[in-house]
A.B. asks: 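Could you have a look at this structure, given as C-alpha cells, before my questions?
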Amino acid sequence: MTSAANPAPLWQPDADRIAAARVTHFQSWAAERYGAPAEGGYPALHRWSVAELETFWQAVADWFDIRFTAPYDRVLGDRSMPGAQWFPGATLNYAEHALRTAEDPARAHEPALLHVDETHEPTPISWAELRRQVGALAVELRALGVRPGDRVSGYLPNIPQAVTALLATAAVGAVWTSCAPDFGARSVLDRFQQVEPVVLFTVDGYRYGGKEHDRTETVAELRRELPTLRAVVHIPLLGTEAPEGALEWSALTSGDADPVFEQVPFDHPLWVLYSSGTTGLPKAIVQSQGGILLEHFKQLGLHCDLGPGDRFFWYTSTGWMMWNFLVSGLLTGTTVVLYDGSPGYPATGAQWSVAERTGATLFGTSAAYVMACAKADVHPARDYDLSKVACVATTGSPLPPDGFRWLHDEVADNLWIASVSGGTDVCSCFAGAVPTLPVHIGELQAACLGTDLQSWDPQGKPLIGEVGELVVTNPMPSMPIRFWNDPDGSRYRESYFETYPGVWRHGDWITITETGSVVIHGRSDSTLNRQGVRMGSADIYEAVERLPEIRESLVIGLEEPDGGYWMPLFVHLAEGAVLDDDLKTRITRTIREQLSPRHVPDDIIEVPGVPHTLTGKRIEVPVKRLLQGAALEKAVNPGSVDNLELLRFYEELARTRM
C-alpha cells in the first residue's frame with residue numbers, strides 16, 4: 001500500500017491542471033509577499049507552512065481576504081497545546097464570509113444551494129434568497145432574546161433550512177449545534193442537555209428509503225427534557241401542523257432585512273460538535289468562528305480546489321462534521337449540494353445520480369459506499385453523465401486499494417481520487433486532497449498545509465515507513481477551544497494530550513511513506529464509525545442492557561481489508577435467558593429506535609463473559625486487535641485484565657473468521 005509497492009501513480013495531474021490549481025497560484029503569491037518557496041511544488045510549500053506557521057496562516061488570511069473588523073495583535077499569541085491563542089484582538093463573523101458572494105450583483109441570483117431529495121430533482125436557492133432568509137431569521141432570533149454565546153440547536157436533516165438556521169445563529173454570535181433526525185431521543189438528549197440550548201429547530205419527520213419517518217413524539221420528548229428552551233421552531237417537512245407553542249419556520253423567515261453580523265472575537269464559539277461517547281457522555285467539542293473560518297478556507301479553497309463555478313456535493317447528515325464542512329463550501333463562492341435521503345435509494349447508484357443531476361464537480365462520499373457500488377456491480381460512467389466530476393473524495397474509513405482501482409476503472413481514468421482523513425475534533429482534515437500531487441493506490445496524497453502530521457512510536461519517536469500513532473505537533477486554528485462543561489480543561493487534555501504531553505494524539509494508526517504520502521490503518525481506539533456516522537459503544541450498552549435478558553454487552557467496529565465494516569455485538573446473558581430470534585429482534589429494534597438504524601449490529605453473538613480492566617472498564621481496543629488477528633500477548637497487557645481466559649473466546653473467533 002506504499003509507494004514502494006506501487007511505484008506508478010494511479011493518477012497524475014497534467015501540467016495544465018497543476019498550473020490552474022488554486023494552491024499553485026497561492027504558492028506563487030505567497031512566495032512574492034511572504035517568503036514561501038517559489039520552487040519545489042507542494043512538498044516545499046508544506047515544509048514552509050509548518051516551519052513558518054504564523055507566516056503561513058497570516059498569508060492564508062490575506063489570500064482569502066478575511067474581514068477583520070478589529071485588527072489582530074499577532075497571529076499566534078501562545079502556541080502551546082492545548083491553549084493556543086490565534087489572532088488575539090481580532091474580531092470577525094463566519095456567516096458574513098459565508099454570504100459574501102451574495103454581495104456581488106453578477107452572482108447574487110446564481111444558486112448558493114441545490115437541495116435534492118429522493119426524487120433526485122434539484123431545487124435551487126440563490127445567494128440573494130439565502131442571504132435574505134438569514135437576515136430575516138437573525139432578526140427573529142434577536143427578538144427571542146438570543147444573544148452571543150447562547151446555544152441554538154437543530155434536530156434536522158440535510159435541508160436548506162438547516163443551513164439558514166446555522167448561518168443566522170452565527171450571524172447573531174450564538175452557538176450552533178445539531179443532530180440528525182434518525183437519532184433517537186436519548187442520543188439527542190445526551191448531546192443537547194449538556195449545552196442547554198435556548199432555541200430548537202425541528203422537523204416533524206423525515207423521508208428515507210422511500211418511507212416517511214414520523215418524529216413528532218421524539219420532538220415532544222425533547223421539548224419536555226430541555227427546560228432551557230425559550231422557543232421551538234417547527235419545519236413541516238411532512239406537512240403537519242405546528243404543535244402547540246411552537247413557532248412556524250415560514251413566519252420567522254418571511255422578512256426582508258439585511259443580515260446584521262455580530263463582530264465577535266476570533267476565538268468566539270461557532271458551533272458544538274460531539275464525539276462518539278465511548279466512555280460516557282459524548283464530548284461536547286467547541287470550535288471557534290475564526291478558527292473554522294481560516295481552516296475551512298484553506299481546506300476547501302486550496303486542498304479541494306473549490307471556487308466560483310464549482311458544485312460541492314458530499315453525502316452526509318447533520319449529525320456528522322462533514323455537514324458543517326460541506327456548508328463551508330459557501331465560503332469559497334461554491335454552490336453547495338444538499339442531499340436529504342438514503343445513500344442507496346432507489347438503487348445503489350443513487351449518489352451518482354445526484355452527482356449527475358446537480359453537475360457536481362467535487363463529489364464526496366464514504367469508502368463504504370464506494371465498495372458497496374463495486375459489490376453491487378454499479379457502473380457510474382456507463383449509466384450517468386459524470387463529465388463535470390473532477391474529483392471523488394472519500395472519508396469515514398480508509399479507502400481500500402480495490403476502491404481506488406474501481407473508481408479509476410468505473411468513473412474515469414483521469415479522475416482525481418482524494419481519500420482524506422481528519423476528525424470531528426478539528427472539523428477538518430489532517431491529510432488528503434492535493435490537486436497538484438499524484439495519487440497512489442491505497443494512499444492519501446499528503447499531509448495538509450499548516451499541519452505537522454507525524455507517525456510516532458510509543459516513546460514519541462517519529463517513524464517513516466512504519467505504523468505508528470497519528471500525532472500533530474503544532475496547533476491548528478480549528479482545534480477545540482474547549483469542551484463544554486469542562487471548566488478546568490482536564491477532559492480536553494486527557495482526550496488528546498495525555499499520551500504525548502503537548503502533542504495532539506488523534507487515535508488513528510498511520511504510516512507516513514518515504515514520499516510523504518499517508519496510509520491510514522483504522523482507529524487505534526474503540527470509536528464506532530459506520531457510514532461516516534460515529535457513535536460510542538456506551539450508547540449501545542445503555543440501550544441494550546436495559547433489556548432484562550442482557551447481563552452485559554460488548555460492541556466492536558472492525559475495518560476489514562476489503563473495505564467492509566463488521567460490527568458484532570457480544571452479549572453475556574442473564575441466568576436462564578436464551579439468545580433466540582425473539583431476543584435478537586428486540587435487541588435490534590432497541591438499537592434502531594433508541595439510537596440509530598445505522599448502528600444495528602451485523603451479528604449478535606453470545607459470550608461467556610465480558611472482559612474488564614482491573615478498574616472495571618470494558619476492554620474494547622484489545623478485543624478489536626484480537627479480532628484483527630493480533631496474538632493475545634500483543635493485544636493486551638495480561639496484568640491489566642480481570643479474567644484473561646475470557647479473551648480467548650475472541651482470539652478463537654478471529655481464527656475461525658480468517
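All values below come from the heavy atoms of this structure, side chains included, with hydrogens, waters and symmetry mates left out.
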A.B. asks: Tell me, do His234 and Thr240 make a side-chain contact under 4.5 Å, heavy atoms counted?
C.D. replies: yes
A.B. asks: For the rings on Tyr496 and His506, is their centre-to-centre separation under 6.0 Å?
C.D. replies: no
A.B. asks: Report the C-alpha separation of Tyr155 and Phe183 in whole Å, then their side-chain angles, then the decisive distance to 0.1 Å, and conclude whether the ring pair (Phe, Tyr, Trp, His ring centres under 6.0 Å) test is met.
C.D. replies: CA-CA 9 Å; Tyr155 185 55; Phe183 276 38; 8.5 Å; no
A.B. asks: Give a yes or no answer on whether the side chain of Asp204 reaches the backbone of Leu238 with a donor-acceptor pair at less than 3.5 Å.
C.D. replies: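 Present.
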A.B. asks: When you check the gap from the basic side-chain N to the acidic O, do Glu652 and Arg655 get nearer than 4.0 Å?
C.D. replies: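 So Glu652 pairs with Arg655 through a salt bridge.
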A.B. asks: Do Trp176 and Leu270 have side chains that approach each other closer than 4.5 Å (heavy atoms only, starting at C-beta)?
C.D. replies: no
A.B. asks: Looking at Asp488 and Arg493, does any basic side-chain N land under 4.0 Å from a carboxylate oxygen?
C.D. replies: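 Result for this pair is no, no salt bridge flagged.
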A.B. asks: What pairs with Arg207 under salt bridge (Lys or Arg N to Asp or Glu O under 4.0 Å), at least two apart in sequence or on another chain?
C.D. replies: Glu212
A.B. asks: Assess whether a salt bridge exists between Arg625 and Glu651, defined as any Lys/Arg side-chain N lying under 4.0 Å from an Asp/Glu carboxylate O.
C.D. replies: no
A.B. asks: Is it true that Asp190 and Arg186 make a salt bridge, defined as a side-chain N closer than 4.0 Å to a carboxylate O?
C.D. replies: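 Yes, Asp190 and Arg186 are salt-bridged.
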A.B. asks: Any side-chain to backbone donor/acceptor pair from Glu552 onto Leu573? Under 3.5 Å, distance only.
C.D. replies: no
A.B. asks: Inspect the contact between Arg586 and Glu549 and indicate whether a charged nitrogen and a carboxylate oxygen are less than 4.0 angstrom apart.
C.D. replies: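 Counted as a salt bridge, because a side-chain N and a carboxylate O are separated by less than 4.0 Å.
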A.B. asks: With side chains defined as the heavy atoms from C-beta onward, is the minimum distance between Thr177 and Val152 less than 4.5 Å?
C.D. replies: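 They are not in contact (no side-chain heavy atoms under 4.5 Å apart), so the answer is no.
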A.B. asks: Run the ring-centre check on Phe497 versus Tyr492 and record whether the distance is less than 6.0 Å.
C.D. replies: yes
